[in-house]
Amino acid sequence: MTHAIALVDGNNFYVSCQRVFDPKLEGRPVVVLSNNDGCVVARSQEVKDLGIKMGTPWFQIERLARQHGILALSSNYTLYADMSHRMMSILGEFSPNQEIYSIDECFLDFDGLARRDLTEYGQRIRQITRQSIGIPVCVGLGASKTLAKLANHVAKKRPAFEGVCDFNAMAPQALDALLNDIAVGEVWGVGGRIAQRLRALGIQSVQDLKQARPKIIRQQFSVVLERTVAELNGVSCLALEAIAPAKKQIMSSRSFGVPVTSLDELTQAVVAYTTRACEKLRSQNSIAGSIQVYLRTNPFKETDPQYSRGITLSLPAPSSDTRALVRSAIAGLQRIYRPGFAYQKAGILLDDLRPAGIRQISLFDDLDGEERSQRLMTTLDHINRKMGRDTLRLLGEGLEKRWKTRACRLTPCYTTRLAELAIARAI
DNA sequence: TCTGGGGTCCTAGGACCC
DNA sequence: TCTGGGGTCCTAGGACCC
């Protein structure tokens, strides 16, 4: 039996979230910038029509932006995360089996609904989501995740489909003709490099890749791309993962708002990043066995002396205690720091993660101390959840935080902070 | 002046073992 | 001149995704 898998995603998600709370943005060209107000990470349709590409540095298009009245906003991840939760819980109502794949997209399993008119069902999903939270979405359907992603691309790019495209409902010849008309680089898992190599082999369109010999693809590329070919042929190789597996690494890194030279300030930043990563670590109930610290100067400033280094330290014992991980992180930083450079970024990576509670106990372990540590961290997390992030924190983060990321165009946290609720006025 | 952050998976190659 | 074969584990690096 043919599977029916849907991919639903929010159109221009970050921009759409902003528009829900500020109607003045409707119909205007709007971009959302990455951390540090660096690059364009979301664009409204008006901006896409101007030919501005994803990832363009803001300073390169500032003049163009003034000409066309483009409004730029700092990214407000608190808002997007909250809107994402709401959207996902609405979409989850349409299938017993949902995989949340990213902040703005999820797969839905429609296998049990095979008798329904799924195109109509897709339209209903769009309508309800729009009504409930004001986010426009598109729906793609196919027999595998890869096909569902591709169908979603078609639903977005080709107005004739009106936001819903079901490959399963198309005649085989019509589908082949459509796939023949889509560049191979649009396939999920085919990035710039692989697309280039495929083209060199004469594989230009999605249809070409679908018809490629799996054995050759495996030889020339990898087992991953071989799987993609199978998926394009309707053989589902990638299962829907309704329960997100625990992360294997947890990273926290940021570019600085201003260049940083002193070990003191780098230490503050590293303490802050480690604190964040440990919160994430504990929230998935894991402990870390090792931590990597790295720092680097700004590679774009080619005239400046460059330095980039990282170091991995094994912890004396796997832990999720912020204090223990911070100790290791600082020790690592001290070993790789060199004075005389203008640093642009630092980060840490928690690695060798495993579930808390499963570990080898050694003769010298301080079990009482460990219990105290756990109680302390639980209390810390509880207070910070209740009273707001950073209510309780290590002094090592510093107070002034000159190095903090820039966000000059930040909008309010409309849905998560009482003081920043949107205000509606009746006229 | 100004160029993001956070993840995953796979492969190749070296070290080491029997 | 000739110089085993097969396995595991680890790490670094590449490619991809959003």
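The sequence lines fix the lettering, A, B, ..., with proteins before strands; numbering per chain opens at 1. This structure is a prediction, so every number in the text was calculated from the model and none was measured.
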Please tell me which of the listed nucleotides, [options], lies nearest to the side chain of [X]?
| X | options | answer |
| --- | --- | --- |
| A/R227 | B/dT11, B/dG7, B/dC9 | B/dC9 |
| A/S255 | C/dC18, B/dG4, B/dC2 | B/dG4 |
| A/V41 | B/dC10, C/dC17, B/dG4 | B/dG4 |
| A/I250 | B/dT11, B/dG7, C/dC17 | B/dG7 |
| A/K301 | B/dC2, B/dT11, B/dG4 | B/dC2 |
| A/S252 | B/dG6, C/dC18, B/dG4 | B/dG6 |

Taking [atom1] from [X] and [atom2] from [N], how many angstroms apart are they, rounded to a whole number?
| X | N | atom1 | atom2 | result |
| --- | --- | --- | --- | --- |
| A/Q344 | B/dT1 | CD | C1' | 13 Å |
| A/M251 | B/dC9 | CE | C1' | 14 Å |
| A/L281 | B/dG7 | CG | C1' | 15 Å |
| A/N12 | C/dC18 | CG | C1' | 14 Å |
| A/L238 | C/dC16 | CG | P | 16 Å |
| A/D351 | C/dG13 | CG | C1' | 15 Å |
| A/I100 | C/dC18 | CD1 | P | 16 Å |
| A/L410 | B/dG4 | CG | C1' | 15 Å |

Mind running side-chain contact (heavy atoms from CB on, under 4.5 Å) on A/Y414 and A/V20 for me, showing each step along the way? CA-CA 10 Å; A/Y414 298 105; A/V20 168; over 6 Å; no

Residue-phosphate contact under 4.0 Å: [X] side-chain N/O, [N] OP1/OP2:
| X | N | answer |
| --- | --- | --- |
| A/K149 | C/dC18 | yes |
| A/R254 | B/dG5 | no |
| A/K345 | B/dG5 | yes |
| A/K247 | B/dC9 | no |
| A/R406 | B/dG4 | no |
| A/K248 | B/dC9 | yes |
| A/S253 | B/dG6 | yes |

Within the 4.0 Å heavy-atom criterion, would you say [X] contacts the bases, only the backbone, or no part of the nucleic acid?
| X | answer |
| --- | --- |
| A/V187 | sugar-phosphate |
| A/G192 | sugar-phosphate |
| A/D104 | sugar-phosphate |
| A/S75 | nothing |
| A/I194 | sugar-phosphate |
| A/R276 | nothing |
| A/Q249 | base |
| A/N35 | sugar-phosphate |

Tell me whether the rings of [X] and [Y] are parallel (<30°), tilted (30 to 60°) or perpendicular (>60°).
| X | Y | result |
| --- | --- | --- |
| A/Y80 | A/Y14 | parallel |
| A/F256 | A/W403 | perpendicular |
| A/F107 | A/W188 | tilted |

Minimum heavy-atom separation for A/S75 to A/L410, with atom names?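 That closest heavy-atom pairing would be O-CD1, 3.5 Å.
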
* Asked: Does the side chain of A/Q344 pick up a donor-acceptor pair with the side chain of A/T297 at under 3.5 Å?
  ->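 No, no side-chain donor-acceptor contact under 3.5 Å.
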
Q. So, A/T415 and A/D82: side-chain donor and acceptor under 3.5 Å apart, yes or no?
A.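 Yes, side-chain donor-acceptor contact under 3.5 Å.
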
ask   = Got a salt bridge between A/R19 and A/E46, using NZ or NE/NH1/NH2 to carboxylate O under 4.0 Å?
value =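 Counted as a salt bridge, because a side-chain N and a carboxylate O are separated by less than 4.0 Å.
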
*Answer yes or no: is there a donor N or O on one side and an acceptor on the other, between the side chain of A/R126 and the main chain of A/V139, under 3.5 Å?*
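No, because the side chain of A/R126 does not come within donor-acceptor range (under 3.5 Å) of the backbone of A/V139.
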
### Query
Starting at the 5' end of DNA chain B and moving along, which residue's nearest nucleotide shows up first, A/A246 or A/G38?
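Final value for this comparison: A/G38.
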
Worksheet item: For A/P57 and A/Y294, take the nucleotide of DNA chain B holding the closest heavy atom to each; which residue's nucleotide lies nearer the 5' end?
Response: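 Upstream on the strand: A/P57.
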
Partner of A/N12 by side chain to side chain donor-acceptor pair (under 3.5 Å), out of A/K156, A/K48, A/Q18: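 With A/N12 as partner, A/K156, A/K48, A/Q18 yield a single side chain to side chain donor-acceptor pair (under 3.5 Å), made by A/K48.
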
Read 5' to 3' with Watson-Crick or G-U pairs under 3.5 Å, [ ] for crossing pairs and | for partners on another strand, DNA chain C gives ....||||||||||||||

